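Inspection log for the structure reproduced underneath, given as structure tokens.
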Amino acid sequence: MTVTEARTSPGPGTRRPLRAGPPAKVRLRRAATPWLFLAPALLLFLYFKFIPMAQAVRMSFEEVRPFLGNTYVGGANYAEVAGSSDFGAAVWHTVVLAVATTAGSIVLGLALALLLEGQTRSLWFIRSAIFLPVVTAMAVVAEVWRVMYYPAEGGALNSVLSVFGLGPSEFLNSPDSSLASIAFVGIWRGAPYDMMIFLAGLAGVDRVLYEASAVDGASRFRRIWHVTLPGLRPVFAILLTLAAIRGLRIFTEVFLLTNGGPDGSTEVLLTLTYKLGLERNELGVAAAGTVLLFLVLLVLTVAARLRRREAR
């Protein structure tokens, strides 16, 4: 070893100088770049969503008088919501529709996913055709089902029922069947969406487990029960949350098909608050109802997220 090499070579206890990181200006620029791209969308959300939400919370504590000025009433609006029989019936109808549409769409979506699972080229056309209700405007869907639910004997569905010696049914015109008719529309429209999520989940199930269970002599039903369903637990958690939120926020179907009738048998929370706010001009009470619904959805979302985190 030469003298020069001895001077330049670091010894075993010598610490090498730390590499300097990027300057603060560069780090700041890197951190700010994503927010600059998000800024237009965030501004739109702020103006059209978050500010109106804050105003709705404020209005829920006031008696809203558009031309005379609002008056602070504290929790009187919430007390009126809690003690109103109309709100109680609307909440019950909302929960019934949410449970029915959630259970029906998940069961039907799972059945469709199991039937249409595979890599065959022709399946893309069938999946696209089944998925069409999801991307179709709800106004169009409601008008189509209004025609199909025509209560006379010559109606589309009543003609089918007459083949089996049933009907005619009044569907939307009867308090006994109107809620079930709306729930069926929700299931028909929500099942294809759940099907696509189930198909994505089925792609992640280990195929070795299917082969091992088949070698052990397990039937198709037992393979689905012991392999497929346990593998889809994360998917079920996601879908239950999404479907429950979708069911509790139901408005368009009810508004277009029955508008809460007949005799209030399909009145849900959002149609009732719509009528209170825009027809009866009780904006404070309507705001209190929507704030309560928001809190329920928030609790449901947080609980589902915590449960998913515990499952991991």
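Treat the numbers as computed from the prediction; the structure is a model and nothing was measured.
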Shortest non-hydrogen pair, P262 vs P175, comes out as CG-N, 3.7 Å

Any side-chain heavy-atom pair from V268 and F251 closer than 4.5 angstrom?
-> no

Do Y149 and L179 share a hydrophobic cluster, counting only Ile, Leu, Val, Met, Phe, Trp and Tyr and linking them when any side-chain heavy atoms are less than 4.5 Å apart?
-> yes

Give a yes or no on whether R223 atom CZ has more than 12 heavy-atom contacts from other residues, nucleotides or ligands under 6.0 Å away.
-> yes

Side-chain heavy atoms of L239 within contact of F198, under 4.5 Å | yes

Measure centre to centre between the rings of Y150 and F171, then say whether the value is under 6.0 Å.
-> no

Parallel, tilted or perpendicular, as decided by the 30° and 60° cut-offs, for the rings of W225 and F221 | parallel

Whether over 12 other heavy atoms sit under 6.0 Å from R58 CZ = yes

Within a radius of less than 6.0 Å around CZ of F50, do more than 12 heavy atoms belonging to other residues, nucleotides or ligands occur?
-> yes

Salt-bridge present (R189, E253; N to O < 4.0 Å) | no

Looking at residues at least two apart in the chain, or sitting in another chain, which of them share a side-chain contact (heavy atoms from CB on, under 4.5 Å) with T252?
-> M138, L256

Are any side-chain N or O atoms of T102 and backbone N or O atoms of A243, one a donor and one an acceptor, separated by less than 3.5 Å?
-> yes

Closest heavy-atom pair and its distance - S162, S159 = OG-O, 2.6 Å

Quick one: do M59 and L270 end up in the same hydrophobic cluster if we chain Ile, Leu, Val, Met, Phe, Trp and Tyr together by side-chain heavy atoms under 4.5 Å apart?
-> no

Does Q55 CD have over 12 foreign heavy atoms under 6.0 Å away?
-> yes

Taking only residues two or more places apart in sequence or in another chain, which ones pass side-chain hydrogen bond (donor to acceptor under 3.5 Å, both in side chains) with Y193?
-> none

Identify whether V160 and V147 are in the same connected component of the hydrophobic contact network (ILVMFWY, side-chain heavy atoms under 4.5 Å).
-> no

Going hydrophobic residue to hydrophobic residue with side-chain gaps under 4.5 angstrom, can you get from W35 over to Y47?
-> no

Do the rings of F61 and Y72 sit parallel, tilted or perpendicular, given the 30° and 60° boundaries?
-> parallel

Is it the case that one hydrophobic cluster holds both I130 and W124, taking links as side-chain heavy atoms less than 4.5 Å apart, direct or via other members?
-> no

Answer yes or no: are there more than 12 heavy-atom neighbours, outside F131 itself, under 6.0 Å from its atom CZ?
-> yes

Rounded distance [0.5 Å steps], CG in L202 versus CD1 in I197 | 12.0 Å

Between OG on residue S181 and CD on residue E170, distance to nearest 0.5 Å | 10.5 Å

Is a donor on one side and an acceptor on the other found under 3.5 Å between the side chain of T101 and the backbone of L97?
-> yes

Hey, is the main chain of E267 close enough, under 3.5 Å, to the side chain of H93 for a donor-acceptor pair?
-> yes

Which pairs of donor and acceptor atoms, one on a side chain in residues 277-303, lie under 3.5 Å apart (sequence neighbours left out)?
unit_1 : atom_1 : unit_2 : atom_2 : d
T290   : OG1    : A286   : O      : 3.3
T290   : OG1    : A287   : O      : 2.8
T301   : OG1    : L297   : O      : 2.8

In short, V134 meets P192 closest at the heavy-atom pair CG2-CB, 3.7 Å

How far apart are the closest heavy atoms of G247 and A98, and which atoms are they?
-> C-CB, 3.7 Å

State, yes or no, whether a side-chain contact exists between F87 and L276 at a heavy-atom distance under 4.5 Å.
-> yes

Tell me yes or no: between the side chains of S178 and S265, is some donor less than 3.5 Å from an acceptor?
-> yes

Could you tell me which non-hydrogen atom of S169 sits nearest to which non-hydrogen atom of N158, and how far apart they are?
-> N-OD1, 2.8 Å

Table please: side-chain donor-acceptor pairs of residues 106-117 below 3.5 Å, with sequence neighbours left out.
unit_1 : atom_1 : unit_2 : atom_2 : d
E117   : OE2    : R207   : NH1    : 3.1
E117   : OE2    : R207   : NH2    : 2.6

Can you tell me how far OG of S128 sits from CE of M196, rounded to the nearest 0.5 angstrom?
-> 7.5 Å

OH (Y274) and CZ (F255) are apart, to the nearest 0.5 Å, by 4.0 Å

With sequence neighbours left out, write down each residue that passes salt bridge (Lys or Arg N to Asp or Glu O under 4.0 Å) with E63, or none if nothing qualifies.
-> none

Can you tell me if E80 and S84 form a side-chain donor-acceptor pair at under 3.5 Å?
-> no

From M148 CE over to W188 CH2, what is the distance, rounded to the nearest 0.5 angstrom?
-> 8.0 Å

Measuring from T273:OG1 to K275:NZ, what's the distance to the nearest 0.5 Å?
-> 10.5 Å

For residues R127 and L199, report the shortest heavy-atom separation together with the two atoms involved.
-> NE-CD1, 3.8 Å

T266 (side chain) donor-acceptor with G261 (main chain) under 3.5 angstrom = yes

Say whether R65 and T71, considering side chains only, have a donor N or O and an acceptor N or O under 3.5 Å apart.
-> yes

Carefully, step by step, assess W145 and I182 under the rule side chain to side chain contact (heavy atoms under 4.5 Å, CB included).
-> CA-CA 9 Å; W145 278 97; I182 294 176; over 6 Å; no

With sequence neighbours left out, what residues match T33 under side-chain contact (heavy atoms from CB on, under 4.5 Å)?
-> R29, F37

